[in-house]
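One structure is given below, encoded as structure tokens.
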Amino acid sequence: MDELVQWKIRLQQWSHQGAEWLHHMPDAQLYAAIAVVFITTFLLLSVRLFKRTKSNTIVLTGLSGSGKTTLFYQLRDGSSHLGTVTSMDPNEGTFVLHSEMIKKGKIKPVHLVDVPGHSRLRPKLDEFLPLAAGIVFVVDALEFLPNCRAASEYLYDILTKSSVVKKKIPVLILCNKTDKVTAHTKEFIRKQLEKEIEKFRASRSAISAADVVNEFTLGVPGEAFAFSQCHNKVTVADASGLTGEIAQLEEFIREYSLKPAPSRMVMVQKQIQLAKSRRPKREQCVLYLL
């Protein structure tokens with residue numbers, strides 16, 4: 001109790017000394033000190049905010065019947081649940097990948113969202129894209145040709161969304177059901193998607209800019225479209241939700257949902273160090289007193 005009283009007396013003394021210091025300080029230096037305190041506090045809060053909002057969300061999307069929900073259960077439970085029916089609401093969960101449960105040490109969970117593929121339910125996708133660290137666009141490799149145009153149009157819409165382009169959200173085109181003998185290869189699917197997207201690009205470029213809302217263009221003028229021309233990274237992989245062959249999908253999730261903090265964090269920290277290095281010594285004393 002005596003020690004607590006002593007600390008209280010010391011704090012009162014320091015407070016009185018600080019008040020005297022501020023009272024005799026010229027107004028210009030006082031305002032400068034207050035400005036430095038404000039800027040430093042703002043930058044520190046920004047750093048904490050960036051850390052808290054670091055996204056670990058992976059969004060599964062694609063046409064209905066492509067196998068998104070089966071993949072969701074494989075990632076979470078290691079089971080296909082004997083196949084699933086078409087989802088009308090998003091499946092969402094935060095969990096450690098089933099394949100990593102046997103690993104030792106601290107394992108970070110992933111936030112996975114399975115967005116319904118029905119055309120009337122696709123607006124739900126916009127709710128999750130601002131939080132996405134990566135997008136998995138699931139394609140039915142078995143029934144690809146009948147759905148090629150619809151899948152290409154949906155993928156085109158995703159790749160031209162401002163939220164995807166500005167954040168350069170990586171996209172994995174996952175060719176599902178490749179365990180079937182008659183399934184198309186990922187190389188064939190990639191080429192067909194590029195051809196169809198080229199058609200959409202040509203047709204939509206003729207639309208007046210006033211009729212296009214928050215849309216970015218794809219590709220390079222005068223060249224045939226290829227995914228390598230996209231603003232963000234687009235890759236293609238194989239999978240089979242029913243048999244559990246999802247190694248390439250898990251690799252994508254590990255890379256982008258658990259990657260280090262973005263470079264903007266480093267920039268903010270450098271700004272804080274720069275502000276401190278430029279601060280006059282007398283103003284530093286004021287900071288300590290405050």
Side-chain angles (χ1 to χ4, degrees), residues 54-84 87 90-115 117 128 131-144 147 151 154-155 158-159 164 168-194 227-228 230 232-260:
K54 172 66 180 73
S55 175
N56 66 337
T57 299
I58 298 294
V59 177
L60 290 174
T61 189
L63 299 182
S64 295
S66 57
K68 300 182 298 297
T69 305
T70 300
L71 291 166
F72 178 92
Y73 287 133
Q74 280 286 6
L75 291 167
R76 191 188 69 178
D77 307 327
S79 171
S80 65
H81 288 222
L82 299 178
T84 60
S87 302
N91 289 313
E92 185 177 359
T94 302
F95 49 82
V96 173
L97 296 179
H98 184 268
S99 62
E100 297 192 339
M101 288 183 175
I102 59 174
K103 294 183 179 180
K104 296 181 179 180
K106 186 178 180 180
I107 302 174
K108 295 182 179 179
V110 60
H111 179 219
L112 195 65
V113 182
D114 163 25
V115 180
F128 298 102
L131 303 174
I135 300 170
V136 179
F137 187 83
V138 184
V139 176
D140 186 342
L142 193 61
E143 299 291 336
F144 171 70
N147 300 310
Y154 189 16
L155 181 57
I158 291 174
L159 293 176
V164 175
K168 294 185 178 181
I169 301 175
V171 176
L172 174 67
I173 301 173
L174 190 67
C175 305
N176 192 26
K177 308 180 184 180
T178 53
D179 57 301
K180 305 297 182 181
V181 177
T182 56
H184 296 285
T185 65
K186 66 180 182 181
E187 289 78 13
F188 175 82
I189 291 174
R190 176 184 60 79
K191 291 179 180 178
Q192 293 302 313
L193 289 173
E194 288 177 337
F227 288 119
S228 59
C230 290
N232 51 331
K233 185 177 181 180
V234 181
T235 52
V236 186
D238 295 322
S240 174
L242 284 175
T243 62
E245 299 173 20
I246 55 174
Q248 295 177 59
L249 171 58
E250 291 176 325
E251 182 179 351
F252 176 84
I253 292 174
R254 292 189 192 98
E255 180 177 359
Y256 292 107
S257 70
L258 306 177
K259 67 179 181 180

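Here, residue 1 is the first one in the sequence, and each next residue gets the next number.
Atom-to-atom distance recorded for L174:CG and D238:CG is 8.0 Å, nearest 0.5 angstrom. Atom CD1 of residue I173 and atom OG1 of residue T235 lie 7.5 Å apart, to the nearest 0.5 angstrom. Separating the CZ atom in F144 from the CG atom in L63 is a distance of 10.0 Å, to the nearest 0.5 Å. Put simply, CG on L159 and CG on N232 are 6.0 Å apart, with the number rounded to the nearest 0.5 Å. With rounding to the nearest 0.5 angstrom, the NE2 atom of H98 is 7.0 Å from the CG atom of D77. The distance from the NZ atom of K177 to the OG1 atom of T70 is 7.5 Å, given to the nearest 0.5 Å.
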In a table with atom names and distances, give each donor-acceptor pair under 3.5 Å that connects a side chain of residues 184-193 to protein atoms at least two apart or in another chain.
| from | atom 1 | to | atom 2 | distance (Å) |
| --- | --- | --- | --- | --- |
| T185 | OG1 | F188 | N | 3.2 |
| R190 | NH1 | E194 | OE1 | 3.2 |

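P109 and T94 make their closest contact through CB-CG2, 4.0 Å (heavy atoms, listed as atom of the first residue, atom of the second, distance). Heavy atoms only, all atoms of each residue included: M101 and V96 are closest at CE-O, 3.7 Å. Smallest separation of non-hydrogen atoms from F137 and G62: CE1-CA, 3.9 Å. In plain terms, the two heavy atoms of A133 and S257 that are nearest each other are CB-CA, 4.3 Å. Across Y256 and K233, no two heavy atoms sit closer than the pair OH-CD, 3.3 Å. Smallest separation of non-hydrogen atoms from L131 and T57: O-CB, 3.4 Å.
With sequence neighbours left out, the side-chain hydrogen bond (donor to acceptor under 3.5 Å, both in side chains) criterion links S66 to no other residue.
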Going through the distances and angles, do T61 and Y154 end up as a side-chain contact (heavy atoms from CB on, under 4.5 Å)?
CA-CA 10 Å; T61 189; Y154 189 16; 2.7 Å; yes

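Among residues at least two apart or in separate chains, side-chain hydrogen bond (donor to acceptor under 3.5 Å, both in side chains) pairs with a member in residues 240-253 are S99-E250, D179-S240, S240-T243, T243-E245.
Between N176 and the options I246, D140, L71, a side-chain contact (heavy atoms from CB on, under 4.5 Å) holds for only L71.
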